[in-house]
Amino acid sequence: MRAAYSDTTQSMPSAPTLEQLAAKKHPEGSIFNAFPAIGTAVVDGTTTAIPYHNYDSELVIIWGSASAEWVQERLVGPWKPLLGKDGRAQVALYVFDYKDTVVNPYKELILVFSTVHASKSVAPISFAHQQMQLFDDKVAYPYVYKLWLSQQLPVTYGRELLGCDKYLDPAIKVEFGNGGVSFEFHHVGKEVNAPPAGPLFSGKLKLKADNMHLMSLVGAY
């Protein structure tokens, strides 16, 4: 499938139009006022706004680690894993529930590796929050490896317009509520470097507002 681009003179075929969307979503001083949707693209037969806008969502980032050899095998280009002091590669899982976007509501899992350029030497980190400071300083970089989404339109939008390795998993479950989040994701057919279709990742987390490791975050900077 190929995307057909147009400029803002072509209105979207169904309400809300880009102008109505702007009036509703772009209050004075908002990020959407500074970076407005400036056109449309036809994806899977649906005309959508570009660039991508996400107006309302819930997200939890799960920091963890994986075998450095396993991550290195999946990196393309002059990159190597950012390591912890235990020698393991730093990995993050982004669990999203998108409630209002230009490609409608959907749920998503993003697998991200923390990497450094192969020509650079970076000391192993002591705790996960250090990655954020290294990203800001352009010492390390988040490498978006693979994404699973619950709806076809944002999958195609992401593949054709954003160049991301997205896959459709219509059985995704993500539920935020009661101070926590539960989730369930699945491998699907034709994935790169993946086992056969089946269970991928599931769990239930209780989020503690009084224990958000803010001192570790401050200390990282």
Side-chain angles (χ1 to χ4, degrees), residues 52 54 57-98 106-150 154-169 172-174 181 183-205 207 212-213 216-217 219-221:
Y52 173 87
N54 165 25
S57 63
E58 291 185 277
L59 159 69
V60 61
I61 303 175
I62 304 170
W63 300 99
S65 64
S67 160
E69 292 77 15
W70 183 87
V71 171
Q72 184 66 68
E73 290 174 357
R74 285 155 177 78
L75 297 176
V76 177
W79 305 101
K80 61 184 179 181
L82 174 68
L83 302 179
K85 289 192 172 180
D86 58 0
R88 290 174 61 82
Q90 302 305 292
V91 176
L93 297 165
Y94 288 60
V95 176
F96 274 100
D97 184 3
Y98 295 100
Y106 62 98
K107 304 177 191 299
E108 182 174 37
L109 171 66
I110 307 176
L111 175 56
V112 179
F113 303 142
S114 295
T115 63
V116 298
H117 195 274
S119 65
K120 305 295 183 181
S121 178
V122 178
I125 65 172
S126 299
F127 50 92
H129 292 88
Q130 286 180 271
Q131 295 170 76
M132 301 175 72
Q133 180 261 319
L134 294 177
F135 294 161
D136 283 351
D137 290 346
K138 303 297 188 293
V139 173
Y141 301 86
Y143 183 110
V144 179
Y145 171 59
K146 197 182 294 186
L147 310 91
W148 296 262
L149 297 82
S150 61
V155 169
T156 309
Y157 188 103
R159 280 186 166 273
E160 294 189 4
L161 303 182
L162 306 180
C164 295
D165 196 18
K166 298 193 174 193
Y167 296 92
L168 176 64
D169 172 15
I172 283 176
K173 297 178 182 178
V174 178
V181 57
F183 41 81
E184 182 179 315
F185 300 92
H186 314 86
H187 280 297
V188 297
K190 300 182 179 179
E191 282 186 43
V192 173
N193 293 329
L200 164 64
F201 174 55
S202 64
K204 182 179 293 184
L205 297 177
L207 308 176
M212 299 299 286
H213 302 285
S216 294
L217 180 59
Y221 285 85

For this session: Give, for atom CZ of F185 and atom OG of S202, the distance between the pair rounded to the nearest 0.5 Å.
Result: 10.0 Å

Exercise. Would you call V188 and L168 a side-chain contact if the rule is heavy atoms closer than 4.5 Å?
Worked result: no

Exercise. Just by distance, do the side chain of K80 and the backbone of K120 share a donor-acceptor pair under 3.5 Å?
Worked result: yes

Seminar exercise, completed: Closest heavy-atom pair, Y167 versus K190, reported as atoms and distance to 0.1 Å, is CE2-O, 3.5 Å

Problem set entry | Note, F96 side chain near L149 side chain (heavy atom, < 4.5 Å) | no

Seminar exercise, completed: Sorted by chain and residue number, the salt bridge (Lys or Arg N to Asp or Glu O under 4.0 Å) partners of R88 (sequence neighbours excluded) come out as none

Problem set entry | Rounded distance [0.5 Å steps], CD in Q133 versus NE2 in H129 | 13.0 Å

Problem set entry | Any C164 side-chain heavy atom under 4.5 Å of R159 side chain | no

For this session: Would you sort out whether F201 and I62 count as a side chain to side chain contact (heavy atoms under 4.5 Å, CB included), showing the intermediate values?
Result: CA-CA 12 Å; F201 174 55; I62 304 170; 3.8 Å; yes

For this session: Please test Y145 against N193 for side chain to side chain contact (heavy atoms under 4.5 Å, CB included), starting from the C-alpha separation and ending with a verdict.
Result: CA-CA 10 Å; Y145 171 59; N193 293 329; 3.1 Å; yes

Exercise. Roughly how far, to the nearest 0.5 Å, is CE of M132 from CH2 of W63?
Worked result: 6.0 Å

Exercise. Side chains of H187 and W148: does their closest heavy-atom pair fall under 4.5 Å?
Worked result: yes

Problem set entry | Residue pair F113 / R74: nearest heavy atoms and the distance that separates them | CE1-CB, 4.1 Å

Problem set entry | Flag, side chain of T115 to backbone of Y141, donor-acceptor distance under 3.5 Å | yes

For this session: Look at the aromatic rings of Y52 and Y98 and report parallel, tilted or perpendicular, splitting at 30° and 60°.
Result: perpendicular

Problem set entry | CA sep, side-chain torsions, deciding dist, call: L93, I61, side chain to side chain contact (heavy atoms under 4.5 Å, CB included) | CA-CA 6 Å; L93 297 165; I61 303 175; over 6 Å; no

Exercise. Where do P81 and V116 come nearest, in terms of heavy atoms and distance?
Worked result: O-CG2, 4.4 Å

Exercise. Going by heavy atoms in the side chains, are Y106 and V155 under 4.5 Å from each other?
Worked result: no

For this session: Could you list the residues that satisfy ring-ring contact (aromatic ring centres under 6.0 Å, His included) with F135, not counting sequence neighbours?
Result: none

For this session: Determine yes or no for a side-chain-to-main-chain donor-acceptor pair under 3.5 angstrom, with Y94 supplying the side chain and L147 the backbone.
Result: no

Exercise. Which atom names give the shortest non-hydrogen contact between A89 and S67, and what distance separates them?
Worked result: CB-O, 4.3 Å

Exercise. Are side-chain heavy atoms of I172 and L109 found at a separation under 4.5 Å?
Worked result: no

Exercise. Checking S114 side chain against L82 main chain: does a donor-acceptor pair fall under 3.5 Å?
Worked result: no

Seminar exercise, completed: Closest non-hydrogen contact found for D97 with K107 is OD1-NZ, 3.2 Å

Exercise. Between atom CG of D165 and atom CG of L111, what is the distance when rounded to the nearest 0.5 Å?
Worked result: 10.5 Å

For this session: Please confirm whether the backbone N or O of H186 pairs with a side-chain atom of D169, one donor and one acceptor, at under 3.5 Å?
Result: yes

For this session: For K146, check side-chain hydrogen bond (donor to acceptor under 3.5 Å, both in side chains) against everything at least two apart and list the hits.
Result: E191

Exercise. What do the steps show when you test H117 against W79 for side chain to side chain contact (heavy atoms under 4.5 Å, CB included), and what is the final call?
Worked result: CA-CA 5 Å; H117 195 274; W79 305 101; 4.1 Å; yes

